[in-house]
Peer 1: 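I have a structure I would like to understand better, so I am pasting it below and will then ask my questions one at a time.
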Amino acid sequence: MLKPVPNKLDLPAIDRELLDFWKRERIFEKSVERTGPKGDFVFYDGPPGTNGVPHVGHMMQSALKDLWPRFKTMQGFRVLRKAGWDTHGLPIELTADRELGFKSKREVDAYGVQKYIDYCRQTVFRYKGMWEEAISKIGRFVDLENAYATYQPYYIQSDWWTLKQAWNLELEGEAREQALKLGQSPRYLYRDYRVMAYSPRTGTTLSNFEVAQGYEDVTDLTLYVKFRLKEKQDSHDVYLTAWTTTPWTLLSNLAVAVHPEIEYVTVELLEDCDAGKAGERLILAQARHQALLPFFGKHHIVGHQLGADLAGKKYEPMWEWLPSDHESAMRVVADDYVTALDGTGLVHLAYYGEDDFRILRKNGIPLVLAVDKDGLVADFVKPFAGRWFREEHLDVDILKALKEKGLLIAKEKHTHSYPFDYRTGSPLMYFPRPAWFIRTTALKEMMIEANKLIGWRPEHIRDGRFGNWLENISDWNVTRERYWGSPLPLWVPEDGDLSEAVCVESLAELRSLVERSGNTLPAGFDPHKPQIDEVTLLTKDGRVMRREDFVLDSWFNAGLMPWGQYGFPAEAGSDEQFRAQYPCDFICEGLDQTRGWFYTLLACSCLVAKAQQDDAKKRGDRERARFWNDPRNWSSYRNVICTELVLDHEGRKMSKSKGNVVDPVALFDKFGADPVRWIFYASNPWNAIRFGEEEISDAVRAVILPLWNSYTFFVTYALIDEWRPGQGTVAPTLMDRWIVSEYHRLIEKVTVSLEDFDVASAAGAISRFLDLLTNWYIRRSRRRFWKSDSDTDKATAYATLYEVLTGLVYALAPFLPFLSEHVYQNLVRGLNPDAPASVHLAAFPMANPALRDEALEARMERVFEAVTLARALRQERNLRVRQPLTSVVWVVPDQSTEAELAPFLQIMADELNVKSVKLRHDDRDLVTRSATANFKVLGKRVGSRMPKVAKAVAAMTDEQIQAVEGGGRFRFEEFELGLDDIQIRRSEKPGLALRSDGFMTVALDTELTPELEAEGMAREIVHHIQNLRKQSGFDIADRIALEVQAHSPSLEAAVLRYKDYICKETLALDFELKSAVTGTTLDANGHTFTLAVRRANRTTNKTEA
RNA sequence: GGGCCUGUAGCUCAGUUGGUUAGAGCGCACGGCUGAUAACCGUGAGGUCACAAGUUCAAAUCUUGUCAGGCCCA
């Protein structure tokens, strides 16, 4: 049985009830326990970090991450949804440091690494409860119980296995030679250096994010210096010039860089000056010549050359400790990074900067560091040994030494921003730190190939942001000098002999290696620092090996999630799980993940694909080879939606400092989850979305209420009539066939749009359909439900509305899981206990093309247009719809449509409250025609003569146009124009009550006869009685008794004449026209009357007369 | 400095392969409805499509540049 609908819609109460119901009935679990007839639709949940609270942006992702799995489940797929948490990495250490008051690695070491790790581990899940609450309350179906967490030993083993894949892969051919030349191992996992922001006082490397917080403006001594070329020019000494803001780096100068395309000049000094002695020649960028004039006395330019011409020139080492005869050091090198915006347009290079490092390595120049990692000048730099790199006098002493050597041009005080440790205030330096890399450059082609096959939303990311990133990729530094993370599973002999190094791929392998070394792993071994560092291994010849003291980039953890979530391959059963759930069909994360998760997922999967190709080939496993050779499997994701920011109602970023951060859970508790979800579907999520309470009530108005109102309308009358599905004979009217057709159109559109990951189009189609349903179908069909006869027409109305409404509820289930479930439980389950227990276990509706009637849809559109014209006329003539009129003339200048449109005339007459609608197609007496060229058709034919033709068409007379309409041709020069070549527009002749939209015309008979006036009065009276009924709190099926006193003879006549009509409309059993009535006095079209209404004796729940 | 995105009605946004009346919702004005209504319905006003140049018979749409905003990277 249907249950009556409460008159108040309490969404939060519905949410609570259904969350409880889903949990009790295990609805989500049931959906994943059954096998999908269409197989698996695979979804990967990107792991959020949990040491912060969830915000609205996460809720947008939750809403989207929930939509497609629900949709696909209803379509017959199984969609596993394993949640996950990102539990390693910098944010957790920073939280721990802040709370423990630590500012440096040394303090952590003093505190004790074990205690520190334990603290981090406790911090990880501090806000997990809040996350779980928010995720459940938005209605997300996701497996939180079996969520993966990156700090678990099974996950760490997947990290190790993945690294082992890289360890086993080796470069080949030229790339291999190149790597060996740089002193790197040719493996895909290799050790090198990376220039990092480093705090020598605290021994800590800082992330870019941390560095950004500690810039300060400082004034430093800067130097213009010169380097003497080995080769003289016409017996003149030639010097390269350079400017530096960090004189201490000059102690380590190894090369000088130029831009290959910048123009450089050679200047010859004609007298002694700051820059040097008469006769010396100096090379500088032409663009800097003017700025450097103050340093020169008399001089002239003796040469021009491009940077590329300078490349390779050798110069004398600035200092005696620098290599003097290395094949590539102390040379000019060319690189695009050099600019002529400041300095001399030449740049001195030392290994203390990212670009410097890159260029020096590229040119095979050996590492020389005159300042060590403690910030002190090294012992081999005799004159300055042991001095602090930022000591003011060091710069001065370097200046003096250079002046003595004749290599100084000038000094200058210069203010620039310099990075400091934001926690201790001590200066940072960029320093090459040892680090381990994955050779993503060797995977570049694979990644680019795989990227072409990824379905990006929005699409421009593929070739834009992401594609560019891949094009400019460098090897991936996967290690960090931190504590709380997956440990790097590499053991190296104490003497640093990397050729003996061991990369461990699992705990089992580690255990056996430990045992082979004569030890055992302790019980309850935790593969984190510091326990992992206590594990030492032995080489075959008995040398001690220690672990390389690094943890892994937490992005690396996240990138291998496709197998990490199952602990593949070490965990039992993970092989099947991974194979069944790889690659995935859909992920959805923030746009900022292009360099984050989107990238690391791709890098990790390409790495594994490459390794698996090799491995499968080696083992002759054809099936596996075929799988991994297919570029469609190189990316672990096939479709990705990028989300933009959620802004506040004003369009501002949400931030704590602005105080405009919204607590999602509070919103769900106040408004319910469905309206919040709808906001994230109504416009595409890759555009920034504005979000506030106003937007929520918009969503309520746009979808929730129309759905709710349709539902309550249906239930109210179905209860009165005790309607059951299948009851009565059904004979669909035009209106019924139309709404069914529109319904199938909707289903088609929603299905196609969702399969295309275009949620906004799907949502737009739903809004449109709800408007048609409530404001046309139901409004125009109300009387079919009200009327007393239980006939075929009524049965058809019920059957049609039921079909469309329940279908709509299924289609809405992925979007509005709560309200649709609530309606489903009553409308479907209430009448059919055999239906699936939940709408979320039911099937998504299939669009049935046989029930579409596109011609009918198009004609109904024409009816809407005609109605709009007529309503505008009524408005203009001040004739309210309640006043009946004799006729409307509808002129459609299209012969063929008359028969097609005739069936719609009654609908129009009802809607417009006229006695008849007359259809015509001849509008000659009503409108004047004008024509414009049909540019699309004519443009192709007449080309550049278009403007002339257009002018001629515009000048056509009404008669000429009519002739063309009648099948004639219009001649202009050599062109013969037919009906298809022009567009005809009609405008109303003045003085008539008519309107045209340029095509069709509507004319209104505005004459009011006494009969029409009387009927209008009767309708006014009905209208007032209905108001009174409602005010008096009567039930809609209550019978009433009426007493009426008319204060004018014409009104009395109208009342008498329409007595039966009034009674029928208002369910009045008794009607008395009296000369005196005590009641409410009201007005009907300027005539007053007094009215008394009381409930009649007989009360019934049924409308049968 | 580089890359990508965005600029259309007061506001938020649609706008197909270029084709001449540029759409919707909200807001506003006016009117209506009250037997589905935490209501709703109708009608109307409101736009040099950021600016400039170019391609074309024809540009909101294609190209280039400028300006403004956003994101990412240096």
Side-chain angles (χ1 to χ4, degrees), chain A residues 5 7-11 208 336-337 339 341 354-355 458 460-461 463-469 471-472 590-596 642 644-645 647 649-651 653 682-684 686-690 694-695 697-698 700-702 704-717 760-761 764 767-768 771 774-775 778-779 782-783 785-786 867-876 878-882 932-950 954 983 985 997-999 1023-1027 1029-1031 1034-1038 1065-1067 1103:
Chain A
V5 178
N7 32 9
K8 265 255 177 215
L9 169 58
D10 185 351
L11 288 172
N208 289 339
D336 289 343
Y337 114 102
T339 70
L341 298 173
E354 264 186 85
D355 284 307
H460 61 79
I461 303 288
D463 296 322
R465 191 176 285 205
F466 198 65
N468 289 336
W469 166 249
E471 290 291 342
N472 298 309
L591 185 57
D592 53 344
Q593 299 296 333
T594 38
R595 276 127 219 259
C642 304
E644 248 289 0
L645 291 175
L647 308 171
H649 173 67
E650 314 292 333
K653 212 165 166 171
S683 65
N684 276 320
W686 46 87
N687 299 320
I689 287 175
R690 294 187 186 218
E694 214 165 301
E695 281 76 11
S697 39
D698 285 350
V700 171
R701 269 208 303 267
I704 310 272
L705 282 179
L707 175 67
W708 180 254
N709 294 335
S710 310
Y711 162 66
T712 53
F713 173 84
F714 180 85
V715 171
T716 304
Y717 289 98
S761 294
S767 300
R768 178 184 169 273
D771 185 54
T774 57
N775 289 328
I778 293 183
R779 193 155 59 80
R782 269 186 295 203
R783 286 182 171 270
F785 295 89
W786 294 347
V867 165
T868 299
L869 291 171
R871 281 197 288 232
L873 271 176
R874 269 189 175 268
Q875 179 103 0
E876 183 187 291
N878 211 6
L879 292 164
R880 58 176 56 163
V881 180
R882 214 184 293 134
T932 49
N934 184 346
F935 288 86
K936 199 166 186 171
V937 174
L938 273 178
K940 290 194 180 91
R941 240 171 78 197
V942 310
S944 62
R945 317 243 329 254
M946 196 64 221
K948 283 176 91 173
V949 177
Q983 289 171 327
R985 297 186 23 76
D997 66 355
F999 175 66
H1023 157 70
H1024 286 302
I1025 296 170
Q1026 303 290 32
N1027 274 348
R1029 280 186 63 118
K1030 204 177 182 190
Q1031 277 168 28
F1034 296 171
D1035 188 80
I1036 57 165
D1038 280 345
E1065 287 296 307
T1066 61
L1067 299 182
T1103 45

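So that the names make sense, note that chain A is the first sequence line, chain B the second, and so on, each numbered from 1.
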Peer 1: Just the rounded figure in Å: distance from C1' of B:C71 to CD1 of A:Ile461.
Peer 2: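 In whole Å, B:C71 C1' and A:Ile461 CD1 are 10 Å from each other.
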Peer 1: Would the base of B:C40 count as contacting A:Arg701 through its side chain, where contact means a donor and an acceptor less than 3.5 Å apart?
Peer 2: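 Looking at the base of B:C40, it does not pair with any donor or acceptor on the side chain of A:Arg701 (distance under 3.5 Å).
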Peer 1: What distance, rounded to whole Å, do you find between the two P atoms, one in B:C40 and one in B:C26?
Peer 2: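 B:C40 and B:C26 have their P atoms separated by 9 Å.
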Peer 1: Would you mind telling me which of B:C40, B:A38, B:C4 lies closest to the side-chain atoms of A:Asn775?
Peer 2: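 Nearest to the side chain of A:Asn775 among the choices is B:C40.
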Peer 1: For B:U63, give the paired nucleotide (Watson-Crick: N1-N3 plus N6-O4 or O6-N4; G-U: N1-O2 and O6-N3; both under 3.5 Å), or none.
Peer 2: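 Check on B:U63: paired to B:A53, both distances under 3.5 Å.
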Peer 1: Of A:Leu11 and A:Gln875, whose nearest nucleotide on RNA chain B comes first from the 5' end?
Peer 2: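 Upstream on the strand: A:Leu11.
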Peer 1: Across all strands shown, which nucleotide pairs with B:G42 by Watson-Crick or G-U wobble geometry, both distances under 3.5 Å?
Peer 2: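 The base-pairing partner of B:G42, which may sit in any strand shown, is B:C30.
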Peer 1: Name the pairing partner of B:A36, where a pair is Watson-Crick or G-U wobble with both distances under 3.5 Å, or state none.
Peer 2: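 The answer is none; no pair meets the criterion.
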Peer 1: Given the P atoms of B:A29 and B:C4, what is the spacing between them in whole Å?
Peer 2: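 Pairwise P distance, B:A29 against B:C4, rounds to 46 Å.
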Peer 1: I'd like the P distance from B:A9 over to B:G15, given in whole Å.
Peer 2: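 Roughly 15 Å separates the two P atoms.
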Peer 1: Side-chain N or O of A:Ser767 versus OP1/OP2 of B:A24: is the shortest distance under 4.0 Å?
Peer 2: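 A:Ser767 to B:A24 OP1/OP2: no side-chain N or O under 4.0 Å.
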Peer 1: Counting only Watson-Crick pairs (N1-N3 plus N6-O4 or O6-N4) and G-U wobbles (N1-O2, O6-N3), all under 3.5 Å, who is the partner of B:C71?
Peer 2: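 For B:C71, the partner nucleotide comes out as B:G3, under the 3.5 Å rule.
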Peer 1: Can you figure out which of B:G27, B:G3, B:C5 approaches the side chain of A:His460 most closely?
Peer 2: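 The answer is B:C5, which lies nearest to the side chain.
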Peer 1: If pairing requires Watson-Crick or G-U wobble contacts with both distances under 3.5 Å, which nucleotide is the partner of B:U48?
Peer 2: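 Pair assignment: B:U48 / none.
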Peer 1: B:G18 pairs with which nucleotide, Watson-Crick or G-U wobble, both distances below 3.5 Å?
Peer 2: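 Partner of B:G18: none.
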Peer 1: What N/O pairs connect the protein and nucleotides 13-21 of chain B at under 3.5 Å? Give each pair on its own line.
Peer 2:
residue : atom : partner  : partner atom : Å
B:A14   : OP1  : A:Asn687 : ND2          : 3.0
B:U21   : N3   : A:Arg985 : NH1          : 3.1
B:U21   : O4   : A:Arg985 : NH1          : 2.4
B:U21   : O4   : A:Asp997 : O            : 3.2

Peer 1: Do the charged groups of A:Asp771 and A:Arg768 touch, with an N to O distance under 4.0 Å?
Peer 2: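 No, A:Asp771 and A:Arg768 are not salt-bridged.
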Peer 1: Can you tell me the pairing partner of B:G25 across any strand shown, Watson-Crick or G-U wobble, with both distances under 3.5 angstrom?
Peer 2: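 By the stated definition (distances under 3.5 Å), B:C11 pairs with B:G25.
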